Amino acid sequence: MEGKKLISIVTPCYNEEENVVGCYEAVQRIFKEELSDYEYEHIFCDNASTDGTVRLLKEIAQQDPRLKIIVNARNFGPFHSTFNGLLTTRGDAVLVSLPADLQDPPELLPAFVNKWREGHEVVFGVRKGREEGFFLAALRKLYYGLVARFAYLHIPPDAGEFQLVDRVIIETLRGFDDHYPYIRGMIANCGFRTVGIEYKPKARKKGFSKNRLYHLIDQGLNGLVSFTMVPLRLCMFFGLIIAVSSILFSLVTFVLNLIYFREFAPPGIPTLIVALFFFAGLQLFFFGVLGEYIGAIHFQVRKRPLVIERERINFDEPAPVSSGQHSADQGFDRSG
């Protein structure tokens, strides 16, 4: 029906053959029963799955043109793949990331849409009470607290990429040129009116998470480095403290030797200790200073492609070839 608003949903996936059909059906059911006044497109961004994920999606796409598929040439990671998918959306509002395993519940989408209609350009989900182990939950809480405390802008704690954003946010994100996009931070950097809705994430029912501890650490460090210079400055100040402490130690040792006229350590040992810690501290201090400049250059010069695509399904136009987006196959299937 002409005049209906379009909602875009982006789902990154990698070896999720047990979940993609259920994810598609859940979104279809919500728009049929609760959001019938809206059109939608559901974009699956596949990171070169090695199971039957792409085959299942293609079977659905043949019957439903609202399902669109981007297949990457290799696994570029969830952030790259999701951000690339965002740049292809056409919706008046966009659900930034709906996980294929439905740990973030799609049933929350109608509430997101209501808040968006009230005038909020960003509606984000706030995770409360994850169904996960104590250690991982504590680690996440610590990380979100660090980012919220030290970032140079306000990034809502306990909020991920499960957000509904207005078209103006997507168009603003096109101006970002970051090889490793920290999406929630980039959205927060856009500003505009925001509101959060609390929800309890669900435990994964099928398959297993492809995010290992290394990937979580890598993504976490990217979030810290992308929106705060605190790690570099901590190195600088820590080095300065060590250097000053070594000087104070040498002064105290000198005064004690003058007062008591005897050595408190074998000759030469205090000198070695002072020299070792002084120069180690001085090196850390200068590394911190250099890190400030290297970090600034690092953010500016990263120009590799965001992803390289192998094919697209159910898209009307090929991807624009640019520094941020590159298509490896010009023979896209644009059926539907």
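Only this structure's heavy atoms are used, side chains among them; waters, hydrogens and symmetry mates stay out. If you're wondering where the values come from, they're calculated on a predicted model, not measured in any experiment.
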When rounded to the nearest 0.5 Å, the distance separating CZ of R310 from CZ of R74 is 14.0 Å
Of all heavy-atom pairs linking V122 and Q163, the shortest is CG1-OE1, 3.3 Å
For P99 and T11, the nearest pair of non-hydrogen atoms, with its separation, is C-CG2, 4.2 Å
Handout entry: Any side-chain heavy-atom pair of H42 and C23 under 4.5 Å
Key = yes
Separation between CG (L248) and CD1 (I241), nearest 0.5 Å, reads 11.5 Å
Heavy atoms of A61 and N314 approach each other most closely as O-ND2, 3.1 Å
Under the 3.5 angstrom rule, does the side chain of T88 hit a backbone N or O of G85 as a donor-acceptor pair?
yes
> Does any non-hydrogen side-chain atom of I7 lie less than 4.5 Å from one of F31?
Replying inline: yes
dist I9:CD1 -> L164:CG (nearest 0.5 Å) comes out at 9.0 Å
Heavy atoms of G196 and V126 approach each other most closely as CA-CG2, 4.1 Å
> Just by modelled atom types, is the K115 backbone N or O under 3.5 Å from a matching donor or acceptor in the H120 side chain?
Replying inline: yes
field: Under 3.5 Å donor-acceptor, S8 side chain and E41 backbone
entry: no
Side chain to side chain contact (heavy atoms under 4.5 Å, CB included) for R127 and D104? Distances and angles first, verdict last. CA-CA 9 Å; R127 302 185 182 107; D104 293 330; 3.9 Å; yes
The reported gap from CZ in R117 to CG in D37 (rounded to nearest 0.5 angstrom) is 7.5 Å
Query raised in the report: Hey, are R29 and E25 close enough for a salt bridge, meaning a charged N less than 4.0 Å from a carboxylate O?
Result: no
Note: F79 and I183 closest approach over all heavy atoms is O-CD1, 3.8 Å
Sub-3.5 Å donor-acceptor pair from the side chain of T89 to the main-chain atoms of L86, do we have one? yes
NZ or CZ of K68 within 45° of F315 ring axis and under 6.0 Å
yes
- Query: Backbone N or O of V168 within a donor-acceptor pair of the E121 side chain at under 3.5 Å?
  - Reply: no
* Parallel, tilted or perpendicular: rings of F162 and F112 (30°, 60°) -> tilted
Side chain to side chain, P181 and F176, heavy atoms closer than 4.5 Å:
no
In terms of heavy-atom contacts, I60 and V21 come closest through CD1-CG2, 4.1 Å
One should read off an interatomic distance between E17 CD and T50 OG1, to the nearest 0.5 angstrom, of 9.0 Å
Q: Could you check if a side-chain atom of S97 sits within less than 4.5 angstrom of a side-chain atom of V10, using non-hydrogen atoms only?
A: no
Quick one: does L109's side chain get under 4.5 Å of Y38's, heavy atoms only? no
query = Counting N and O atoms only, with roles assigned by atom type, does the side chain of K4 sit under 3.5 Å from a partner on the main chain of Y40, one being a donor and the other an acceptor?
reply = no
With a 3.5 Å distance limit and no angle check, can you tell me whether N75 reaches the backbone of A48 through a side-chain donor-acceptor pair? no
ILVMFWY cluster, L173 and L6 together (side-chain gap under 4.5 Å) | no
Task: F76 side chain near I308 side chain, heavy-atom distance below 4.5 Å - done: yes
Point to revise | side chain to side chain contact (heavy atoms under 4.5 Å, CB included) assessment of I30 paired with L35 | key: CA-CA 6 Å; I30 287 170; L35 295 173; 4.0 Å; yes
Is there side-chain contact between N84 and E309, with heavy atoms separated by less than 4.5 Å? yes
Interatomic distance, CD@E59 vs CG@D64, rounded to 0.5 Å, equals 14.0 Å
| Min side-chain heavy-atom separation I313-Q62 under 4.5 Å | no
>> Could you check whether N72 and N47, counting side-chain N and O atoms only, form a donor-acceptor pair closer than 3.5 Å?
In response: yes
With distance as the sole test, does T53 use its side chain to make a donor-acceptor pair with the main-chain N or O of E16 at under 3.5 Å? yes
